Every structure is written in C-alpha cells, then in structure tokens.
Amino acid sequence: MTAWDVNILTSVLGSDVLNPGNRELTRFDGLSIDSRTVKPGEVFFAIVGDNNDGHEYVADAFKKGASIAVVNKSGLDKIDKASCGPLFIVEDTHEALLEIAAYIRRHIDAAFAGITGSNGKTTTKEMLHSIAGVSHKSFRSPGNLNNLYGLPISLGMMPLETEFAVFELGISVPGEMSRLASVIKPELAVILNVGPAHLETLGSIENVVKAKFELIDNLPVGAVIVLNADDANIMAEAKHRNLEFIGFGIDTTTNFTGKDLHITPDGKQQFTVNGHTIMLNALGRINVYNALAAIAASSVWGCTPEDWQKGLSAFKPVDLRMALESHNGLQLLLDCYNANPGSVKAALETLETMKTEGRKIAILGDMLELGPQSDALHREIGQRAASAGLHTLFCFGPRSRSIAVGAIDKGMDTKAVRHFEDPQELLHELVQTVARGDLLLFKASRGMKLETIVTGLKAAAFTNN
C-alpha cells in the first residue's frame with residue numbers, strides 16, 4: 001500500500017478542517033467510500049448516493065480505523081463529531097474524491113492503459129496485467145472498480161513502483177468516459193467492441209459508439225490506440241476520424257490476427273497469432289478477441305511473444321465469466337456475471353462449438369438495461385439459441401419470455417423451451433432434467449443472480465443417467 005502525505009488533502013481540496021487535534025496525522029494509505037470495508041489509515045469520503053448517505057456512517061468509518069473523513073458542508077449535521085477524527089469539509093465529496101485521484105495519477109510514474117468495450121473489459125484487463133507482470137511490476141484495477149466511484153479507489157491502491165497500470169473503464173451515460181479518461185489520462189487506449197449495452201441510458205448503438213470514443217477524444221498527445229478490426233461500428237468510427245491504430249481481430253488481416261482457433265482435448269482454447277501458439281484457460285471466440293487485445297496492447301509496452309505465452313497460460317478466468325467447472329458428472333459453463341446481446345450470442349457460439357458426451361442445455365436469464373429495444377433483442381437471443389444445438393432451453397425472468405418466443409418462432413420444439421419467473425421452480429425443473437455428461441451454459445445479467453441456481457444445482461441430488 002502506498003502512503004501519501006496528508007498535506008495533499010489540504011493543498012488539493014483547500015478545505016477547512018474540523019477536529020484537527022483528534023489524531024496525529026502525517027500520512028494516509030488509500031481511499032474509501034464504504035464504511036464497511038474501510039481499512040486503517042484510509043481516507044473515508046462520505047458520498048451521498050441514491051439509497052445511502054455516507055455522512056451517516058462517518059463515525060463507523062473512524063471506528064474501523066479511517067484516518068480522515070472528507071465530508072460535505074451540508075452533511076455536517078448528520079455527523080456525531082465527538083466520535084470522529086479529523087474532518088475535511090468540502091462542497092462535494094465526489095468531486096473531492098476525483099480531484100485527489102487525479103493528483104495521485106499525476107504523481108505516479110507508470111504507463112497507463114485504459115480498456116473499454118461492451119464486453120470483455122475485466123477479462124482483457126486481467127490478461128494484459130498477467131502478460132505485463134511476467135517481466136515488469138504491473139497493477140490493475142481490482143474487481144469491477146471501473147466507474148467514477150471505483151476508479152479513484154483503485155488509484156489509491158497503486159504502489160508507487162508500478163511500471164504498467166491497467167484500468168477498465170465502464171460507462172452507462174454520455175460524458176462519463178470523458179471524466180474517467182481525464183482522471184487516469186491513459187497513454188494506451190483499447191476499445192474491444194461496441195454492442196447494444198446500456199441502451200436504457202445511451203439510447204442507441206450510435207450513442208454507445210460516441211460514448212466509447214470519448215476515450216479517444218481525451219487521450220494525451222502521442223497516445224497509442226488499439227482497436228478491434230472485426231467490429232464494423234468501431235472501424236466505421238475510426239475511418240471517420242482518420243485514426244491511426246494497432247488492430248486485432250480474427251476475420252480481418254491486421255496487426256494481430258488470431259488463426260487456427262480450436263478447443264484442445266483437455267478443454268483449453270488454442271490459437272496462433274503472428275506465428276506463435278497461445279493456450280488459454282478461458283474458452284470461446286470472445287476470449288480469443290480478449291487475448292488478442294491484451295497481446296496487441298502489451299506489444300506497445302515491449303512485451304515479447306514469450307511474455308504473451310507465459311502470461312496468458314497463467315491467466316485464470318474471472319469468477320462467473322466463461323469459467324468451465326465440472327461437478328458430479330456435469331460440465332458447467334458459468335458466464336452469469338453480466339449479459340448483453342453480444343455476450344449472450346458469444347456464449348451460445350462457444351457452447352455450440354464445444355464437445356460433450358451428453359446433451360447441451362442453456363439457462364438464459366434476463367438482459368437488463370436495454371430500454372425500449374429489450375423485447376426485440378431478447379427475441380433475437382431466442383432465435384440464436386434455436387440454432388445452437390440445444391436439447392433444452394430454460395428461460396428465466398420476465399424479459400426472457402421473449403427469448404422463449406424467439407426460439408419457438410425459429411422452429412425449436414415447444415417441449416424443449418421452458419420459461420420460469422420463480423427461481424425455485426426453475427431449479428426444481430433443472431434438477432429433474434439434467435443428467436451426467438450434460439453441458440450446461442448459465443448466462444444472464446448480474447441482477448438476475450443466476451449463480452444462486454448454480455449453487456442450488458450443485459447442492460441438489462439428481463439421479464438421471
């Protein structure tokens with residue numbers, strides 16, 4: 001953990017301080033916005049959210065060991081000041097958090113990469129971090145701390161000796177990417193893909209493209225751009241802007257083109273790029289794209305093919321993201337951390353290409369935040385599922401009824417398509433259906449909590465052969 005001089009807060013925020021004598025302070029060790037997880041020595045920022053007001057938890061943060069709290073002037077009446085340490089008073093705690101994060105970024109001498117896209121951000125981030133970490137001191141933003149709250153927390157964790165820093169940038173509204181980019185100022189930008197995600201707030205694919213390319217708009221002079229040469233939306237925008245970039249792809253001949261894709265007998269994804277064989281512990285064409293993006297980006301940093309091979313062979317799939325597990329004779333392909341039409345189609349493609357001794361079964365849940373196009377996009381998923389060679393399609397959630405309709409419209413047997421809105425009913429029917437040797441895909445948006453069905457299935461006793 002990196003320690004920072006406490007005077008930074010005064011110089012950057014220019015704020016008044018209450019209770020300055022309550023603790024002897026010279027350094028702080030990180031940033032936090034959650035009183036439940038704040039660590040000793042961290043600065044707690046009392047954020048006012050839609051459901052919670054951090055000012056009500058300032059005293060709790062100090063009990064956990066927070067060294068300082070940054071609070072809004074308007075929130076002082078909600079704080080038990082006698083139970084608190086030093087309080088830095090500002091007009092807007094979120095803006096203060098971003099200002100401190102930007103200061104930290106300016107004072108870390110590392111090369112920064114920013115990764116965005118509708119699918120694959122976290123996986124690509126982990127892959128690039130693994131490659132860069134073979135020969136250098138690499139840091140990546142943990143978990144999914146990729147927005148205007150999580151990114152500053154990540155910056156506060158960075159060791160000063162970091163050489164390469166990898167951040168994923170997630171957005172849901174116009175302008176958000178510009179603000180993220182203005183904080184981390186990446187010299188290397190990666191756009192993985194553009195698809196129908198967050199349409200509820202962004203409205204259209206065209207707006208998603210514009211929002212992702214805000215990253216390009218905010219790059220410093222001399223920054224390097226890495227783009228998916230197979231993505232028509234990305235390429236159209238790149239051509240419109242007359243961009244110079246490093247390309248990666250599978251169907252297009254470009255700087256880093258994946259070839260000879262296949263799944264090995266021991267269940268690994270293999271491909272070649274520029275004459276070098278790469279082995280992944282993550283399955284599917286989508287993960288080849290993610291790996292190619294990481295390889296292309298790492299080449300900018302001088303990483304070698306040996307680094308690619310060693311780093312990617314060490315990479316392990318992130319929980320619930322195209323992770324293959326074996327349990328009691330079943331093969332479980334778990335990809336239920338999140339979902340949008342592009343990632344669901346990619347998951348079905350992977351399922352379709354995999355070999356199994358038994359049957360192929362898909363459990364598909366609602367895709368959230370798709371706005372007015374939600375019904376049509378769910379129907380498209382059903383149509384794609386109908387051609388994936390499934391024995392049974394389980395649809396879960398109110399929106400997924402349209403998946404079932406789309407599958408039946410495309411000719412899938414009505415007896416093979418089942419829709420549920422009650423998770424216990426789904427679990428009961430699933431237990432009655434599966435048999436040893438079957439391959440099951442679980443895919444849905446995070447809010448559907450489809451992993452609870454996986455947990456229930458693992459705990460259940462089934463005797464089908």
Side-chain angles (χ1 to χ4, degrees), residues 1-4 6 8-9 12-13 19 22-23 25-72 75 78-81 83-90 92-105 108 121-122 125-126 129 139-160 162 165-170 172 176 180 183-184 316 318-321 337-338 446-447 449 451-452 455:
M1 186 65 69
T2 300
W4 295 91
V6 72
I8 291 171
L9 295 175
V12 174
L13 302 180
N19 302 338
N22 279 19
R23 298 191 184 189
L25 293 176
T26 58
R27 314 284 286 179
F28 65 88
D29 299 324
L31 313 176
S32 175
I33 61 172
D34 191 336
S35 64
R36 298 166 299 179
T37 60
V38 64
K39 296 180 177 60
E42 291 184 339
V43 179
F44 175 72
F45 289 77
I47 302 294
V48 180
D50 294 333
N51 300 313
N52 293 292
D53 185 343
H55 294 84
E56 297 174 0
Y57 305 98
V58 172
D60 292 338
F62 278 111
K63 288 177 183 177
K64 287 285 187 68
S67 59
I68 302 163
V70 179
V71 301
N72 288 339
K78 300 178 182 179
I79 300 171
D80 179 9
K81 303 173 190 62
S83 302
C84 297
L87 303 172
F88 280 69
I89 306 169
V90 298
D92 188 323
T93 50
H94 190 202
E95 290 301 321
L97 175 66
L98 292 170
E99 288 174 17
I100 293 299
Y103 176 94
I104 291 173
R105 165 63 181 102
I108 291 183
K121 294 183 292 295
T122 300
K125 174 194 69 179
E126 295 295 331
H129 169 65
F139 172 86
R140 87 294 203 190
S141 51
N144 63 339
L145 296 178
N146 61 12
N147 61 17
L148 286 170
Y149 295 96
L151 183 141
I153 304 304
S154 298
L155 275 167
M157 299 177 182
M158 277 190 65
L160 279 172
T162 299
V166 188
F167 284 77
E168 64 172 286
L169 307 177
S172 58
E176 192 172 5
L180 290 169
V183 174
I184 69 163
K316 302 295 183 186
V318 183
D319 287 347
L320 303 180
R321 292 178 172 92
Y337 186 83
N338 218 333
R446 189 73 187 89
K449 299 181 180 179
E451 69 277 7
T452 60
T455 301

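Quick caveat, the model's predicted, so the values are computed rather than measured. All residue numbers in this chain count up from 1 along the given sequence.
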Is there a side-chain contact between [X] and [Y] (heavy atoms, below 4.5 Å)?
{"X": "F167", "Y": "K121", "answer": "no"}
{"X": "Y103", "Y": "L9", "answer": "no"}
{"X": "Y149", "Y": "I47", "answer": "yes"}
{"X": "P142", "Y": "M157", "answer": "yes"}
{"X": "L169", "Y": "N146", "answer": "no"}
{"X": "C84", "Y": "I79", "answer": "yes"}
{"X": "E168", "Y": "S141", "answer": "yes"}
{"X": "F45", "Y": "S32", "answer": "no"}

Would you please test D34 and F44 for side chain to side chain contact (heavy atoms under 4.5 Å, CB included) and show each step?
CA-CA 7 Å; D34 191 336; F44 175 72; 5.7 Å; no
Spacing of [X] atom [atom1] and [Y] atom [atom2] [to the nearest 0.5 Å]:
{"X": "D53", "Y": "K78", "atom1": "CG", "atom2": "NZ", "answer": "3.5 Å"}
{"X": "I89", "Y": "L87", "atom1": "CD1", "atom2": "CG", "answer": "7.0 Å"}
{"X": "E42", "Y": "K64", "atom1": "CD", "atom2": "NZ", "answer": "11.0 Å"}
{"X": "R27", "Y": "I68", "atom1": "CZ", "atom2": "CD1", "answer": "11.5 Å"}

To check you understand the geometry: which heavy-atom pair defines the closest contact between [X] and [Y], and what is its length?
{"X": "E99", "Y": "V12", "answer": "OE1-O, 3.8 Å"}
{"X": "V70", "Y": "T93", "answer": "O-CG2, 3.3 Å"}
{"X": "P152", "Y": "L31", "answer": "O-CD1, 3.5 Å"}
{"X": "L155", "Y": "A101", "answer": "CD1-O, 3.6 Å"}
{"X": "R446", "Y": "E451", "answer": "NH1-OE2, 2.8 Å"}
{"X": "A46", "Y": "G54", "answer": "CB-C, 3.6 Å"}

Using modelled atom types and a 3.5 Å cut-off, is there a donor and acceptor pairing between side-chain atoms of [X] and backbone atoms of [Y]?
{"X": "S35", "Y": "A61", "result": "no"}
{"X": "S154", "Y": "G150", "result": "yes"}
{"X": "H55", "Y": "N72", "result": "yes"}
{"X": "R105", "Y": "I184", "result": "yes"}

Do the charged groups of D29 and K39 touch, with an N to O distance under 4.0 Å?
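Result for this pair is no, no salt bridge flagged.
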Do Y337 and N144 pair up side chain to side chain, a donor and an acceptor below 3.5 Å, judged on atom types alone?
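There is such a pair (donor and acceptor under 3.5 Å, judged by atom type) between the side chains of Y337 and N144.
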For residues H94 and D92, is any side-chain donor paired with an opposing acceptor at under 3.5 Å?
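Absent: no donor and acceptor within the cut-off.
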Could you please spell out the steps behind the side chain to side chain contact (heavy atoms under 4.5 Å, CB included) verdict for M158 and I104?
CA-CA 9 Å; M158 277 190 65; I104 291 173; 5.7 Å; no
CA sep, side-chain torsions, deciding dist, call: I153, I33, side chain to side chain contact (heavy atoms under 4.5 Å, CB included)
CA-CA 8 Å; I153 304 304; I33 61 172; 4.1 Å; yes
Tell me, with the steps shown, if F88 and V71 meet side chain to side chain contact (heavy atoms under 4.5 Å, CB included).
CA-CA 6 Å; F88 280 69; V71 301; over 6 Å; no
Checking S172 now: which residues fulfil side-chain contact (heavy atoms from CB on, under 4.5 Å) with it, not counting sequence neighbours?
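If we apply the side-chain contact (heavy atoms from CB on, under 4.5 Å) test to S172, skipping adjacent residues, the hits are E176, H198, T201.
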Ring centre gap for F139 and H129 strictly below 6.0 Å
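Not under 6.0 Å, so no.
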